[in-house]
Novice: 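Let me give you the structure first, and then I'll get to my questions.
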Amino acid sequence: MPELPEVETIVRALAVRLQGATVGSATYWPSRVFRGVTPPALDGAFVKEVRRHGKYVLIELNRGYLAIHLGMTGKLLFDVPDSKYTRAKWLFDGVLLSLEDIRQFGRVIWGEEIPEGLRLLGPDPLEISLQEFVNRAWSHRTGIKPLLLTQTFVRGLGNIYVDELLFRARVNPTRSSAGLSQKQLTHMWEEMRRLLEEAIRHGGSSISDYVDTSGRKGSFQREHRVYGRGGEPCLVCGSPIQKIFLAQRGTHFCPVCQNL
DNA sequence: AGTATGACCTGATGGC
DNA sequence: TGCCATCAGGTCATAC
């Protein structure tokens with residue numbers, strides 16, 4: 001579910017309420033999200049910083065790092081009662097934070113250092129330089145869509161924002177990354193930043209599950225130009241938006257605006 | 001190194 | 001109303 005803009009929205013809200021707070025208690029329900037390794041109790045630990053690392057929420061404590069990936073249906077919610085899908089909850093100076101995850105594709109990782117799974121990810125799309133973006137794109141032989149979804153290439157893009165980005169940059173999703181021109185990649189890099197920043201300003205996209213820490217939906221789904229619009233007219237040229245499958249992911253694009 | 005496939009989970013939706 | 005298939009903001013592991 002949540003991609004970079006949604007996780008960024010969550011992290012900003014967490015930072016306000018958790019920075020400097022002390023962990024009073026932690027409760028973990030048996031669940032796949034821990035992948036067999038439940039974090040320690042953490043009583044008395046305090047929060048140094050909350051930040052985003054790709055699609056991970058990273059909570060830095062004085063004793064180590066709690067990394068939370070929300071998978072497809074994960075939510076971090078303040079002050080809600082336990083539900084059937086509550087997988088963990090923490091009390092930070094009287095503030096209750098719960099992790100709910102229906103499908104359990106999310107994960108919670110504990111590490112005394114930043115977990116390796118996070119360190120191995122590629123650069124952040126909002127921080128990567130144009131030159132590095134171009135060089136990295138040209139160094140792979142794969143399709144541009146699957147490449148943008150690969151978190152070791154850049155960290156944080158998912159299916160919605162890749163489709164939207166390729167539409168805005170007028171790049172066909174079936175193109176190979178190495179075959180793109182400097183001009184096309186420059187356009188993509190610029191649109192990537194613009195798109196993500198705009199989506200963050202809208203509080204992310206809510207299709208079915210995503211809500212922020214207060215349970216509120218984002219509004220960027222109203223700005224989607226291709227994602228979820230298969231068969232509907234292109235907002236630029238009017239031809240029907242196509243939906244195909246690439247790398248097993250639904251892929252939406254305009255065959256005219258994004259011609260080969 | 002690439003790509004293709006299935007697995008992991010649960011719920012919503014649409015066709016019959 | 002029920003049953004079945006299909007689909008969903010994401011990784012992962014395995015096999016060619």
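Numbered from 1 within each chain, the chains take letters A, B, ... in sequence-line order. The model shown is predicted, which means the values in this text are computed figures rather than measured ones.
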Novice: Is dG10(C) in the syn range, within 90° of 0, or in the anti range?
Specialist: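 What dG10(C) shows is an anti base, its glycosidic angle lying more than 90° from 0.
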Novice: For nucleotides 1-3 of chain B, tabulate all protein N/O to nucleotide N/O atom pairs closer than 3.5 Å, reporting atom names and distance.
Specialist:
| residue | atom | partner | partner atom | Å |
| --- | --- | --- | --- | --- |
| dG2(B) | OP1 | R141(A) | N | 2.9 |
| dG2(B) | O3' | T142(A) | OG1 | 2.9 |
| dT3(B) | OP2 | T142(A) | OG1 | 3.3 |

Novice: In terms of the angle between their ring planes, are F153(A) and H140(A) parallel, tilted or perpendicular, with boundaries placed at 30° and 60°?
Specialist: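 Plane angle over 60°, so perpendicular.
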Novice: Identify whether the distance between the nearest side-chain nitrogen and carboxylate oxygen of R52(A) and D124(A) falls below 4.0 Å.
Specialist: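 Between D124(A) and R52(A) there is a salt bridge, with a charged N closer than 4.0 Å to a carboxylate O.
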Novice: Distance check, P atoms only: dA12(B) and dT1(C), in whole angstrom units.
Specialist: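 About 16 Å, rounded to a whole number of Å.
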Novice: Taking K145(A) first and then D163(A), would you say they form a salt bridge - that is, a charged N and a carboxylate O separated by under 4.0 Å?
Specialist: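 A salt bridge is present here (some side-chain N lies under 4.0 Å from a carboxylate O).
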Novice: Quick one, D209(A) with K75(A), criterion salt bridge (Lys or Arg N to Asp or Glu O under 4.0 Å). Give me CA distance, side-chain angles, the key distance, then yes/no.
Specialist: CA-CA 8 Å; D209(A) 295 279; K75(A) 300 175 185 177; 5.2 Å; no
Novice: At a cut-off of 3.5 Å, list every protein nitrogen or oxygen paired with a nitrogen or oxygen from nucleotides 7-10 of chain B, distance to 0.1 Å.
Specialist:
| residue | atom | partner | partner atom | Å |
| --- | --- | --- | --- | --- |
| dC8(B) | O3' | R32(A) | NH1 | 3.4 |
| dC9(B) | O2 | R103(A) | NE | 2.7 |
| dC9(B) | N3 | R103(A) | NH2 | 3.2 |
| dT10(B) | O3' | Y85(A) | OH | 3.4 |

Novice: Does D79(A) pair with R17(A) as a salt bridge, N-O distance under 4.0 Å?
Specialist: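 Looking at R17(A) together with D79(A), the answer is yes, because their closest N to O distance falls below 4.0 Å.
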Novice: Given the P atoms of dG6(B) and dC7(C), what is the spacing between them in whole Å?
Specialist: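 Result for the P pair: 13 Å, nearest Å.
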Novice: Which of residues 147-165 of chain A sit near DNA chain C, with a heavy atom under 4.0 Å from it?
Specialist: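 Heavy-atom cutoff 4.0 Å gives Q151(A), G158(A), N159(A), I160(A).
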Novice: Can you give me the first and the last nucleotide of DNA chain C (5' to 3') that has an atom within less than 4.0 angstrom of a non-hydrogen atom in chain A?
Specialist: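 Span of nucleotides near chain A: dC7(C) to dC12(C).
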Novice: Let me have DNA chain C in dot-bracket notation, would you? Count Watson-Crick plus G-U wobble pairs, both distances under 3.5 Å, and use [ ] for pairs crossing earlier ones and | for inter-strand partners.
Specialist: .|||||||.|||||||
Novice: Membership question, hydrophobic clusters at under 4.5 Å side-chain separation (ILVMFWY): are L42(A) and F34(A) in the same one?
Specialist: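 Yes.
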Novice: For R229(A), give me all partners under side chain to side chain donor-acceptor pair (under 3.5 Å), at least two apart in sequence or on another chain.
Specialist: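 Checked R229(A) against side chain to side chain donor-acceptor pair (under 3.5 Å); matches are E232(A).
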Novice: Output yes when R201(A) and E198(A) qualify as a salt bridge under the 4.0 Å nitrogen-oxygen rule, no when they do not.
Specialist: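 Salt bridge absent between R201(A) and E198(A).
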